[in-house]
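Whatever order the structure lists ligands and atoms in, that order sets their numbers, starting from 1.
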Amino acid sequence: MTPVLYIVIPCYNEEAVLPVTAPQFLDKVKSLAAAGKISDESRVLFVNDGSRDDTWKIIKDLAKQDPHYLGISQSRNRGHQNAVLAGLMEARDRCDITISIDCDGQDDINAMDEMVDAYLQGFDVVYGVRSSRETDSFFKRFTAQSFYKLLSAMGAEVVYNHADYRLMSARVLKEFANFREVNLYLRGLVPLVGFRSTTVSYSRAERIAGESHYPLKKMLGLAIDGITSLSVKPLQMITGFGVFVAVVSFIGCLWALITAICGKAVAGWASMTCIVCFVSGVQLVCLGIIGEYIGKIYLETKERPRYIISERTDNWGEKD
Ligand code: UDP
Ligand code: MG
């Protein structure tokens with residue numbers, strides 16, 4: 001039996017891009033099916049992430065044109081990671097393999113052939129890895145690379161230069177569904193699920209149209225989510241730093257005491273001010289980091305639904 005593939009595609013305000021890339025995804029599904037690698041029951045599943053433009057309308061029209069297109073719509077914009085999760089969770093009972101990919105044409109869809117081959121050879125997870133970042137701006141390249149370095153320094157296991165272009169088998173998704181956290185950083189969680197994995201490299205192109213939805217603020221947000229969801233090292237670093245500051249302060253106190261006893265005490269206003277500023281700065285940073293984790297715990301304890309689907313295309317049908 002050939003496996004059923006669902007290509008999961010998050011879309012947020014992509015009306016300029018979708019009409020161009022949707023047929024490419026469809027062609028890919030059809031050509032893989034024609035080559036006998038996947039079943040003709042395979043689908044292209046769009047996840048509308050609460051777009052404000054005509055994206056959902058385009059998806060509904062596509063679903064009317066060809067039964068291979070399916071669409072679900074989130075009740076509001078929840079962010080890229082969440083949209084991918086919604087697509088994967090909705091697809092997992094209907095297919096044998098999923099491939100998640102962005103809808104902007106930046107990821108080379110031809111890498112899917114190799115991904116499916118790897119699956120057929122027995123790999124359950126296949127990470128798409130960018131071979132170069134030439135098409136990214138210097139800024140994007142620099143921030144992305146610093147991020148990977150920071151993550152690995154923090155002891156979080158991530159695949160270098162892998163975004164969210166990856167194949168996952170239904171077996172992996174079934175286990176993945178047990179990772180109940182709402183604080184999502186998919187590419188950090190997938191390696192934790194385990195199973196046999198490999199990588200396929202591809203070159204990343206420029207966005208076909210429209211603008212990136214990952215400005216610096218969102219990238220920083222993703223970086224903080226990544227670190228705090230995968231590692232408690234920052235908390236350990238705070239303890240280490242606290243010990244260091246305590247030792248230095250102790251030496252400082254000794255020194256001040258000796259100077260005073262020797263009667264050489266001068267009004268050290270400047271040094272006093274510096275020390276107070278430094279220590280209060282350190283304390284605030286440490287409190288901030290601890291607060292970050294407490295905030296995450298707070299969100300997790302609420303156990304809010306991780307995604308809410310408000311609409312589905314007419315051809316969605318019931319699960320069999
Ligand atoms: N996206 C989404 N919700 C968001 C932001 C982005 O579903 O809130 C989708 C977007 O439509 C695209 C993918 O996530 O398919 C990646 O976004 P983008 O191309 O803007 O990011 P970049 O490639 O610049 O990192
Ligand atoms: Mg993009």
Side-chain angles (χ1 to χ4, degrees), residues 6-22 24-25 28 44-59 62 69-91 98-109 111-112 128-130 132-148 158-166 182-188 202-223 225-226 306-311:
Y6 268 49
I7 302 181
V8 174
I9 308 161
C11 308
Y12 176 56
N13 293 347
E14 299 285 9
E15 63 180 4
V17 178
L18 216 48
V20 186
T21 51
Q24 297 174 352
F25 293 123
K28 184 47 75 190
V44 179
L45 171 59
F46 296 105
V47 184
N48 172 37
D49 188 22
S51 302
R52 263 173 282 241
D53 64 2
D54 276 339
T55 303
W56 180 234
K57 189 176 167 297
I58 296 173
I59 294 172
L62 286 169
Y69 290 123
L70 286 179
I72 52 178
S73 184
Q74 296 230 80
S75 59
R76 52 162 295 172
N77 178 252
R78 295 283 302 271
H80 171 225
Q81 297 287 298
N82 214 276
V84 175
L85 176 83
L88 293 177
M89 291 299 114
E90 290 291 309
T98 57
I99 295 182
S100 51
I101 185 169
D102 292 351
C103 79
D104 55 10
Q106 284 191 282
D107 301 322
D108 181 10
I109 56 170
M112 285 188 193
V129 173
R130 292 172 208 174
S132 81
R133 283 185 168 263
E134 273 158 25
T135 54
D136 280 348
S137 66
F138 170 76
F139 175 72
K140 178 107 196 180
R141 205 159 53 213
F142 177 74
T143 47
Q145 263 155 13
S146 320
F147 175 43
Y148 285 112
V158 279
V159 179
Y160 190 67
N161 262 347
H162 160 68
D164 281 296
Y165 185 16
R166 89 176 77 75
V182 280
N183 169 32
L184 268 187
Y185 185 64
L186 295 176
R187 57 192 97 154
Y202 67 96
S203 58
R204 187 160 153 106
E206 278 181 54
R207 220 174 204 287
I208 289 185
E211 276 181 11
S212 167
H213 302 106
Y214 268 101
L216 182 62
K217 196 169 148 230
K218 269 199 186 173
M219 268 199 287
L220 280 178
L222 187 66
D225 270 357
R306 297 196 293 173
Y307 64 89
I308 298 171
I309 306 293
S310 58
E311 270 183 85

[X] and [Y]: which non-hydrogen atoms are nearest, and at how many Å?
| X | Y | value |
| --- | --- | --- |
| Val47 | Gly87 | CG2-CA, 3.6 Å |
| Ala163 | Tyr148 | N-OH, 4.4 Å |
| Gln74 | Ala86 | OE1-CB, 3.9 Å |

*Does a donor on one side chain sit under 3.5 Å from an acceptor on the other, for Asp164 and Gln81?*
yes
_So, 2.8 Å as the limit: is an N/O/S atom of Asp104 located closer than that to the Mg ion (ligand 2)?_
yes
*Residues two or more places apart in sequence or in another chain: which of them pass ring pair (Phe, Tyr, Trp, His ring centres under 6.0 Å) with Tyr202?*
Tyr165
*Please check if the side chain of Ser73 supplies one atom and the backbone of Glu311 the other of a donor-acceptor pair under 3.5 Å.*
no
*Under 4.0 Å from ligand 1 - residues by heavy atom, chain and number*: Pro10, Cys11, Tyr12, Glu14, Asp49, Asn77, Gly79, His80, Ala83, Asp102, Cys103, Asp104, Gln106, Lys140, Arg204, Arg207, Ser212, His213, Tyr214, Lys218
